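A short worksheet on the structure shown next.
These numbers were taken from a predicted model, which means no experiment stands behind them. Start at 1 and go down the list; that is how both ligands and their atoms are numbered. Side-chain atoms are counted along with the backbone in the values below, which use heavy atoms only and exclude waters and symmetry mates.
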Amino acid sequence: MTFPLSPADDAALDVLRRVFGYDAFRGPQQEIVDHLIGGGDALVLMPTGGGKSLCYQIPALVRPGAGVVISPLIALMQDQVDALTAVGVRAGFLNSTQGLDARRRVEADFLAGELDLLYLAPEALGNGYTQQLLDRGKISLFAIDEAHCVAQWGHDFRPDYLALSMLYERWPEVPRIALTATATSATRAEIATRLGLTGARQFVASFDRPNIQYRIEAKREPRKQLLELLRTEHPGDAGIVYCLSRASVDKTADFLVANGVAALPYHAGLDGATRARHQQRFLREDGLVMVATIAFGMGIDKPDVRFVAHLDLPKSVEGYYQETGRAGRDGLPSTAWLAYGLQDVVQQRKMIDRSDGDRAHRRSLAAHLDAMLALCETVDCRRVQLLNYFGQASGPCGNCDTCLTPPQSWDGTVAAQKLLSTVLRLHREHNQKFGAGHSIDILRGRRTDKVAQYGHDALSVFGIGADLGEAEWRGVVRQLLAQGLLAVEGDYGSLVLTEASTEVLRRERAVPMRREPERRAASTRTAKGKPAAVELPPEAEPVFERLRAWRAASAKEQGVPAYVIFHDATLRQIATEAPTTLEELSRISGVGENKLAKYGEQLLGALAC
Ligand code: ADP
Ligand code: ZN
């Protein structure tokens, strides 16, 4: 497919409409596309699902030559190429997974000027053979996807990315665009420096993902809480469940399967073939739940992930936002749900204490954890807090748990004093340190074996906290930890005082706390911040199901993921508007020329029956 180089705007819009079937650019897409078509370099920050791909795909189609896309996600290149082929774009990839024949074919196409997009793994660029190949063909632009992989202290660092600064030295006349969904201003600066893009124009899209409902609740029985969420709000939906350890990934996947949820495990302890198979199934089949460590997910552009659940506390807000961003790329309502408890804080502090690296590194880890805890314990809108973290101001969103069911706050000063003085007494008078469980038993006046063994029922604080229940006390400990008024140390998570604790003990400081509702009301999708996405009218439901069945059969026949054929959002619109002619069908968002020609008649047939 080639497009005449008419005035940039028109050519770009034309490609957007004819090839991708979309009416208009989103956010800064148009500016970015124009800038690249004009030969400029760009650094693009856009949240997951924001629409980064079009920012380089369209200029690559408008400019002469092939757009070379550097991506670390080898396992996904085939799907990316399939999705482009489905809309009639000539795309190929070169990586280590491919046979010699396939490789030669792609190379020949590139040299003959018959590729619009060429995907490459970063390590391929280090090799002289690939460099010479690129020298012999025509390159329209370089796109560096997942550009945060160049950030050395980031969570996805890939050493191969450091070599990408050579793109400019070797091909100075080719425009470059680096894209990422993860970037505080510090990360952004690091990316620009390391990729030699300090002179590039920066485009920062809004980081808001209004269709995602953010919810964080106290951990009681996390697997059961998760199951309830899936049963009540997401039956049959595709989703991702993140756990910190491999063991808990396996246990959670087993638990879900035993309870009738189609779930698969994914972590670095599984062999490569199993991981690849599970990823393929997740992408291709409808309604699978992937239970995974954070090793899973980067670059997964499955548009209909309806929920992302975290059973353990993420290590940073950046990581959390990127992971939750994998929900709802299609713009339809989705849930980001996190269960978080005292044990998470204890465990993560322990991991930080033990981590390799110098003090500065540990301080940085601790700062990231603190920001995450602040998000968990906030009584304000979660989204305001999240966006603020990325430097974006906003107002209460109406679509997060704190907006929908505002938590009450209470004066926890006295409770804090009781707990802190228990810790103080154990330490001062007995030179002992204990974890939260035992300290709470003492406060609540429970004569457990351990209490008897140590004679702690003789302490003056024994039983002074009988007015609060176990869960409430755990909430108190958690919030004190989150506010830095208490700390944990050692293998058993022993509680110790901090400098700030003394201010509370001396009554110089009040401690406001958040009261956990016993059971948080399930989300109400009809709340005021309801995402713009449509609920299907009742008469369209069976039509939508029929279209889905048709899509599943076609996907299977062609061996591609269902969303490569059409996204849910497109099928929903078709079901609702019930077009009767090809002309009407072509006006639906997501129906471009190629798909219209390929599926138009079949779709009208499926609608008519
Ligand atoms: P990112 O790479 O930023 O996570 P994608 O490029 O995968 O996001 O885009 C997310 C979704 O939004 C995709 O399903 C894509 O087809 C859709 N999309 C992108 N731009 C537009 C647009 N201008 N109009 C309609 N849909 C769009
Ligand atoms: Zn909110």
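Between the side chains of S316 and H368, no donor N or O sits under 3.5 Å from an acceptor N or O. In the model, E377 has a side-chain atom that pairs as donor or acceptor with a side-chain atom of Y340 under 3.5 Å.
Residues L120 and F93 are not in side-chain contact: their nearest non-hydrogen atoms beyond the backbone lie 4.5 Å or more apart. At least one side-chain heavy atom of M46 sits under 4.5 Å from a side-chain heavy atom of C55.
If you look at Y266 and F296, their ring centroids are closer than 6.0 Å. Between Y389 and Y321, the ring centre distance reaches or exceeds 6.0 Å. For W337 and Y214, the ring centers sit 6.0 Å or farther from each other.
Judged by a 6.0 Å distance limit and a 45° cone about the ring axis, R572 is positioned over the six-membered ring of F544. Geometrically, K302 engages F282 in a cation-pi contact defined by less than 6.0 Å to the ring centre and at most 45° from the axis.
Looking only at protein heavy atoms, the nearest one to atom 6 (O) of ligand 1 is S53 OG, 2.5 Å. Regarding atom 7 (O) of ligand 1, its nearest protein heavy-atom neighbour is R329 NH1, 3.2 Å. The protein heavy atom nearest to atom 14 (O) of ligand 1 is H567 CE1, 2.8 Å. Among protein heavy atoms, atom 12 (O) of ligand 1 sits closest to R26 NH1, 3.2 Å.
Residue contact annotation: G590 has no non-hydrogen atom under 4.0 Å from ligand 1. No heavy atom of S589 sits closer than 4.0 Å to any atom of ligand 1. Distances shorter than 4.0 angstrom occur between a heavy atom of Q29 and an atom of ligand 1. The closest approach between D330 and ligand 1 stays at or above 4.0 Å for every heavy atom of the residue.
With distances taken over non-hydrogen atoms, the option nearest atom 21 (C) of ligand 1 out of T180, D568, L54 is L54.
The ligand atoms of ligand 1 that sit less than 4.0 angstrom from a heavy atom of A24 are 22 (C), 23 (N), 24 (N). Ligand-side atoms of ligand 1 in range of F25: 23 (N), range being under 4.0 angstrom from any heavy atom. Contact atoms of ligand 1 toward G51: 1 (P), 3 (O), 5 (P), 6 (O), 8 (O), 9 (O), 19 (C) (distance under 4.0 Å to a heavy atom of the residue). Within ligand 1, counting atoms from 1 as listed, the ones closer than 4.0 Å to a heavy atom of P47 are 3 (O).
Angle SG (C403) to the Zn ion (ligand 2) to SG (C397): 120°, rounded to 10°.
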